[in-house]
Structures are given as structure tokens and as C-alpha cells.
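I have placed the structure first, in the form of C-alpha cells, so that the comments after it can refer back to it.
Quick note on labels: first sequence line is chain A, next is B, and so on, each numbered from 1. Nothing here was measured: the structure is a model prediction, and the numbers come from that model.
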Amino acid sequence: MSIQFKTIKELSSMLQSKEVSNYELLQETFKLVKSYKHLNAFITLNEENALKKARNLDNNTSDLSLSGIPIAQKDLFVTKGLRTTCGSNMLSNFIPPYSATVIENLENAGCISIGKTNMDEFAMGSSNETSFYGNVNNPWGENLVPGGSSGGSAAVVAAGIVPAATGTDTGGSIRQPASLCGITGIKPTYGRISRWGMIAFASSLDQAGPMARTAEDCAILMNEMCSHDNKDTTSLDETIPDFTKDLDAPVKGLKIGIVKEFDLSKLDSNVVKVFEDSKKHYESLGVDFVEVSLPNINLSVPTYYVVAPAECSSNLSRFDGVKFGKRCDDPKDLEDLYIRSRSEGFGEEVKRRILIGSYVLSAGFYDAYYKKAQQVRRLIKNDFDNAFKHVDLIMSPTTRGTAFEAGSMSDPIQMYLEDLFTVPANLAGLPGISIPSGYLDSKPLGIQLIGNSLQESQLLNVAHNFQMTSDWHLRTPPTRSK
Amino acid sequence: MDKETVATISYLSRLAFDKQNEEKITRDLENIIKFVDQLDSIDTSDIEPLKSPLEKTAKTREDKISAQNRKEQFLKNAPDANDDYFLVPRVVE
């Protein structure tokens with residue numbers, strides 16, 4: 001019996017038919033965790049508790065929708081009694097006194113949290129190289145980055161250790177690693193999933209979402225993760241549909257927009273070929289492609305690198321060495337305590353972003369940078385609103401290329417441009433999904449679909465149609481383990 | 001981006017850098033600011049800033065206490081605390 005690479009749907013049916021017990025499933029899962037230790041994908045494991053929960057489920061059967069399904073949680077969600085570091089030295093000893101709403105929702109649906117996944121420090125990075133706990137390796141190749149910031153989550157799903165993991169996406173942190181690891185990941189509409197208990201990076205952009213092997217599993221997870229939460233004032237009070245209901249609906253006649261301003265000629269011709277092949281595939285399913293113009297979309301990355309650092313510098317001011325988190329040794333006074341605790345607790349990228357944030361928010365620069373960026377953000381959102389008058393969805397590559405080697409991208413701006421195609425959806429608060437669409441030199445690559453506000457069901461339906469008629473999402477990385 | 005500006009924003013951020021890192025961070029910040037200066041290429045004079053994709057007023061709730069007192073739990077995560085307070089170095093001589 002192997003549980004590796006199984007989907008939620010498959011594992012649920014194995015559990016129901018008693019082909020495997022809850023306890024055996026979790027035991028096998030932790031065996032896989034150990035054999036893939038070289039991925040460095042976990043920061044903290046929840047083995048004892050998880051096995052206990054599984055044992056209980058064997059004794060008291062449950063009809064919960066996700067009963068007994070092992071899941072990995074990004075270490076950005078606070079988990080009651082289980083260390084939560086956010087990839088930072090600052091929180092290396094932090095044991096949260098409560099759980100994030102998303103974690104509660106998933107566990108109330110029967111999921112078993114097996115551990116906390118590695119990530120870029122405070123979700124600031126696109127390669128998982130900024131984690132205090134070391135790089136995560138992409139299961140698709142030696143020394144390849146998994147993308148980021150949800151790199152650990154993407155790697156454990158790609159390696160088939162768990163069928164699903166939680167992620168968060170501020171500028172592409174679910175979709176970019178999903179693309180580089182050959183899995184499916186969706187960032188819902190801003191406000192769909194509660195941010196209560198998510199350690200804040202940029203509050204007007206942060207959104208949680210599922211990462212799994214298939215769009216169908218993402219839909220199953222969305223059903224449980226989404227909720228209206230009084231504890232989050234930006235949580236949407238909108239009807240939450242059954243995201244699995246329309247998965248099979250035909251896509252014939254659907255109009256998908258291709259963004260005129262995304263200059264694909266700058267990409268590797270093989271990357272463009274994979275994208276063109278995906279278009280052809282959708283055309284064979286009856287989809288029509290039309291060009292749409294989003295005149296300001298190429299200003300998304302510079303806009304993001306004002307808005308996100310500004311919000312980050314404000315959010316991360318809470319880490320002061322007083323109430324929780326790291327404190328420096330022998331502070332000589334309060335000021336020294338603040339400065340040294342923060343300087344020792346944060347890594348280089350986090351400091352860089354705090355400084356940019358302080359700069360663009362400081363007197364004399366606020367209008368020129370922060371206000372300006374918010375105005376451009378409005379123009380970008382207007383561009384999307386106009387585009388969606390003509391098309392149902394927008395499609396682009398998720399990333400500029402496949403996974404790159406660790407250490408190969410040292411210029412921060414080059415790294416920021418990794419999010420070229422993903423950042424616009426965050427600025428406009430729109431849902432976006434990445435699905436595997438091809439391979440180059442045995443490395444996966446994804447396409448991104450962006451939907452109009454609250455249209456996750458349509459995104460999942462269009463992604464599911466692709467997966468029902470292709471096998472890119474079924475490929476698995478070499479199972480060699482160290 | 002001169003050294004003085006970097007020193008000011010470092011202090012505003014309560015961060016300190018040694019000499020070597022200070023040079024690197026100054027260079028990085030200069031490049032990043034140059035990169036975001038692209039935003040100047042378009043006119044936004046009459047555009048209302050977009051602060052959040054949800055342009056709704058935050059909902060208020062009834063002013064009723066819902067959380068229990070979990071002082072002990074919260075103080076447990078403090079680097080230094082006594083039974084009632086977070087402790088910091090003396091601020092008044």
C-alpha cells in the first residue's frame with residue numbers, strides 16, 4: 001500500500017473502504033517526511049499529536065468531509081501550542097496561545113495537521129532562500145529552489161508526502177511555488193479566507209489559499225477554508241458556494257483574455273511554446289482567446305514594492321523584543337533592547353523591506369511614493385474591471401521560467417521580477433490559480449488564470465477541465481531520496 | 001540615497017547595521033528606489049488612492065466582551081515578565 005502522491009479524494013476513499021486505517025495513513029506520512037528530510041521542507045513537526053488524533057479517529061468514526069486527511073500548514077499560520085516561527089529567528093521560540101481561523105476550519109473539518117512548513121522569512125521572498133531555517137529543495141532537481149514564499153508547502157505536496165498544504169499569497173507566494181513545483185495552487189479573492197491568525201506581512205494584499213495536486217482537491221479545501229469571520233474586519237460576508245459543484249461544467253464558449261502588455265517575446269522561447277500549447281489545448285475544449293489591454297499592468301511590480309514594504313514596516317513594528325519573540329542579551333536600555341532585538345531577529349531581506357517601507361512612508365516622501373503607488377494601484381484595478389467587461393478570465397504564464405538554482409539570483413530586483421505575472425491579482429484583490437502546464441528539461445512550469453472578484457468556482461472549473469484532458473498534473477518527481 | 005538618509009530611516013525602523021552592511025544596504029535601497037521611480041511615468045493627479053481592494057467600511061460589532069482573560073498564556077511568551085507585567089530595562093532613573 002502506498003499513500004505517496006495520492007489526492008485527498010483518493011485518500012478519503014482508501015480510509016472509507018478501510019484499505020488503510022487513520023493511524024496507518026499517518027504513520028506512512030511520517031515515514032515519507034523522514035525519507036524526504038533533505039528537502040528541509042518542515043520547520044516543526046506535530047507527530048505525537050497527529051498520531052494521537054489518527055488513533056482517536058480509528059476508535060470513533062467521523063463523517064467529516066476531510067476526516068483523517070493529513071495536511072501541512074505553512075509556518076505563517078499560528079497554531080495553538082505548536083511552535084510558529086514564520087521562517088524567522090525572531091519567532092524561534094514562539095508558541096501561540098491560539099490558532100488561526102483557517103487552521104481551526106480545516107481541523108474542524110477533520111484534517112490532521114502534521115507540521116509547519118518552511119517558508120521565506122515573514123513571507124518575503126520568491127525562492128525560500130530567506131528562511132532562517134535554511135533553503136528548501138525542490139523535489140524536481142538537485143539544488144533547485146521551490147519558489148516562495150510558500151516553498152515548503154509546495155515541496156511537500158510535489159514530493160507526494162501530503163495531498164495538500166496551506167499557503168499564503170501576498171504577491172504570488174502560492175502561485176509561483178506551485179508553478180515551480182508542478183502542483184496546483186489558488187489565491188482566492190481578497191477577504192474570502194479569514195486573515196485572523198495569519199502573521200501579517202502586507203495586510204491589504206495577504207490572502208491564504210490551498211495548494212494541492214489537483215484543482216478538484218483545491219475546491220474541496222476551499223469549501224472548508226473559506227468562512228466569514230467576525231475577528232477579521234476585512235473578511236467578506238458573501239455567500240460561500242460549494243466550490244466542487246460546477247467543476248465538470250463544460251468550458252465551451254468561454255472567453256479568455258491574453259494581456260497585450262505582457263511582452264512574452266522577452267521570455268525563453270520554450271517557455272512561450274509551453275504557454276502557446278496550453279492555449280491550443282483550451283481552444284480544443286472550445287475556449288475563445290481574445291487580446292485585452294491593461295495599460296498600467298507593467299507598473300504592478302514597482303507599485304507592489306512600495307505598497308508591500310510600507311505595510312510590512314508598519315506590521316513588523318510589533319516585533320520589539322517586549323511582548324513575545326526574540327530579545328537581545330543584556331540590553332543597556334529600552335532603545336538598545338528594541339534596536340538590537342530587531343537587528344538580531346530579522347534577516348537581510350526583511351530588513352531591506354522594512355527600510356524601504358520606512359522611507360516611502362516618511363515625511364516628505366509619503367506623497368511621492370506611497371500615495372502615488374496607491375493611485376497607480378487604482379489604475380491597475382480599473383484596468384482589470386474594464387478587461388472583465390470583455391472576457392471571463394485572463395490567462396498568462398505563472399512565472400518567467402522554471403525553477404532556478406539556489407544562489408543564482410543575487411540581485412533583489414531580479415528576484416522581485418519573479419512575481420511579474422502574479423502581483424497584479426494581489427493589487428486588484430482578484431482570485432488567481434496556477435496549474436501545471438508543461439515541462440522544460442524535466443522541470444515543471446505552470447499557467448496562471450485570473451478571475452473576476454469572487455469567481456473562484458469558475459477558475460477551478462476551467463482548471464479542472466484542463467486537468468481532465470491533460471496529464472501534466474499527474475507527473476511526479478523522481479522518488480530518489482537521501 | 002545618502003548615508004544620512006539611510007541612518008535616519010534605520011533609526012525610524014529601529015534597526016542597526018555595521019559599516020560593511022551599511023554600504024550594501026545603501027546600494028540596494030538606491031537601486032530599489034530607482035526601480036520604483038518608474039511610477040513617475042504616469043499622471044495620477046485626479047486619481048483617488050486605492051488603500052485596499054475592499055472599499056467597504058469595516059463592520060463594527062457590539063461592544064461586548066467575548067475573549068476571556070488569558071494574561072497568563074500571553075505573558076508566557078514574553079522574554080521577561082513577572083506575574084502581571086512585561087518587564088523591560090528601567091526607563092526612569
Side-chain angles (χ1 to χ4, degrees), chain A residues 93-95 97 190-191 204 230 233-234 236-237 296 299 302-303 305-306 313 317 320-327 331-340 342-343 346 351-352 354-360 362 369 371-379 381 411-413 416 427-430, chain B residues 1 5-6 8-18 21 24-26 28-29 31-61 66-67 70 72-81 86-91:
Chain A
N93 290 319
F94 179 55
I95 313 282
Y190 179 81
S204 79
N230 281 330
T233 55
T234 61
L236 286 170
D237 194 2
N296 302 291
L299 290 173
T303 301
Y305 277 95
V306 174
S313 74
S317 63
D320 57 2
V322 175
K323 297 177 285 299
F324 56 96
K326 188 182 165 62
R327 175 181 287 194
K332 69 175 197 293
D333 54 30
L334 192 56
E335 197 78 344
D336 183 48
L337 182 153
Y338 292 148
I339 293 176
R340 277 206 291 126
R342 288 167 63 80
S343 302
F346 292 138
K351 287 179 192 166
R352 199 159 30 227
I354 292 174
L355 290 176
I356 302 167
S358 299
Y359 181 74
V360 300
S362 61
Y369 289 104
K371 187 177 165 203
K372 179 84 187 182
Q374 289 186 324
Q375 288 171 315
V376 181
R377 185 176 184 184
R378 160 92 53 198
L379 293 176
K381 184 172 185 293
D411 175 12
I413 292 171
Y416 297 169
L427 291 171
L430 299 171
Chain B
M1 184 77 58
T5 313
V6 175
T8 310
I9 57 171
S10 299
Y11 178 69
L12 288 174
S13 312
R14 298 297 187 274
L15 290 171
F17 298 91
D18 57 30
N21 283 324
K24 186 182 182 307
I25 205 94
T26 308
D28 284 349
L29 293 184
N31 289 335
I32 294 165
I33 294 301
K34 227 182 272 167
F35 174 72
V36 302
D37 275 339
Q38 289 176 66
L39 297 178
D40 282 337
S41 64
I42 51 163
D43 178 22
T44 51
S45 34
D46 296 323
I47 309 297
E48 184 67 21
L50 179 68
K51 294 187 176 73
S52 160
L54 289 182
E55 295 190 88
K56 291 179 181 166
T57 317
K59 269 194 1 194
T60 54
R61 55 173 166 77
S66 55
R70 292 190 289 173
E72 241 170 78
Q73 270 177 300
F74 288 107
L75 284 174
K76 237 200 292 189
N77 267 305
D80 197 5
F86 297 111
L87 297 183
V88 295
R90 179 187 290 274
V91 282

Closest heavy-atom contact between [X] and [Y]?
{"X": "B:S45", "Y": "A:Q375", "value": "O-NE2, 4.5 Å"}
{"X": "A:S362", "Y": "B:L12", "value": "CB-CD1, 4.3 Å"}
{"X": "B:P79", "Y": "A:G325", "value": "CG-O, 3.5 Å"}

With only heavy atoms counted, which part of [X] is less than 4.5 Å from chain B, the side chain, the backbone, both or neither?
{"X": "A:N93", "result": "backbone"}
{"X": "A:S313", "result": "neither"}
{"X": "A:K351", "result": "both"}
{"X": "A:L430", "result": "neither"}
{"X": "A:D320", "result": "neither"}
{"X": "A:I356", "result": "both"}

Under a 4.5 Å cutoff for heavy-atom pairs, which residue among [options] has the most contacts with chain B?
{"options": "A:R340, A:E335, A:K381", "result": "A:E335"}
{"options": "A:L427, A:I413, A:I354", "result": "A:I413"}
{"options": "A:L236, A:V322, A:D333, A:D237", "result": "A:V322"}
{"options": "A:V360, A:L379, A:N230, A:D336", "result": "A:L379"}
{"options": "A:K332, A:R342, A:K326", "result": "A:R342"}

Using side-chain heavy atoms (C-beta onward) and a distance below 4.5 Å, is [X] in contact with [Y]?
{"X": "A:R352", "Y": "B:I32", "answer": "yes"}
{"X": "B:F17", "Y": "A:L355", "answer": "yes"}
{"X": "B:P53", "Y": "A:R377", "answer": "yes"}
{"X": "A:P412", "Y": "B:N31", "answer": "no"}
{"X": "A:Q374", "Y": "B:E48", "answer": "no"}
{"X": "B:Q38", "Y": "A:V376", "answer": "no"}

- So with a 6.0 Å cut-off around NZ of B:K76, is the heavy-atom count from everything else above 12? no

Under a 4.5 Å heavy-atom cutoff, which of [options] has the most pairs with chain A?
{"options": "B:V36, B:T44, B:D80", "value": "B:T44"}
{"options": "B:A78, B:S52, B:S13, B:S41", "value": "B:S13"}
{"options": "B:I33, B:T5, B:T8", "value": "B:I33"}

- With no hydrogens and no angle check, is any side-chain donor or acceptor of B:R70 less than 3.5 Å from a backbone partner on A:P97? yes

- Query: Where the side chain of B:N77 meets the backbone of A:I95, is there a donor-acceptor pair that is under 3.5 Å apart?
  - Reply: yes

Given heavy-atom pairs under 4.5 angstrom as the criterion, report whether the side chain, backbone, both or neither of [X] touches chain A.
{"X": "B:L87", "value": "backbone"}
{"X": "B:I25", "value": "side chain"}
{"X": "B:F86", "value": "side chain"}

How long is the straight-line distance from [atom2] of [Y] back to [atom1] of [X], given to the nearest 0.5 Å?
{"X": "B:K51", "Y": "A:K371", "atom1": "NZ", "atom2": "NZ", "answer": "9.0 Å"}
{"X": "A:T303", "Y": "B:L39", "atom1": "OG1", "atom2": "CG", "answer": "4.5 Å"}
{"X": "B:D40", "Y": "A:K372", "atom1": "CG", "atom2": "NZ", "answer": "5.5 Å"}

- Task: Begin from the C-alpha positions of A:Y359 and B:V6 and carry the test side chain to side chain contact (heavy atoms under 4.5 Å, CB included) through to its verdict.
- Result: CA-CA 9 Å; A:Y359 181 74; B:V6 175; over 6 Å; no

- Message: If the test is side-chain contact (heavy atoms from CB on, under 4.5 Å), which one of B:L15, B:N21, B:D18 qualifies with A:S343?
- Response: B:L15

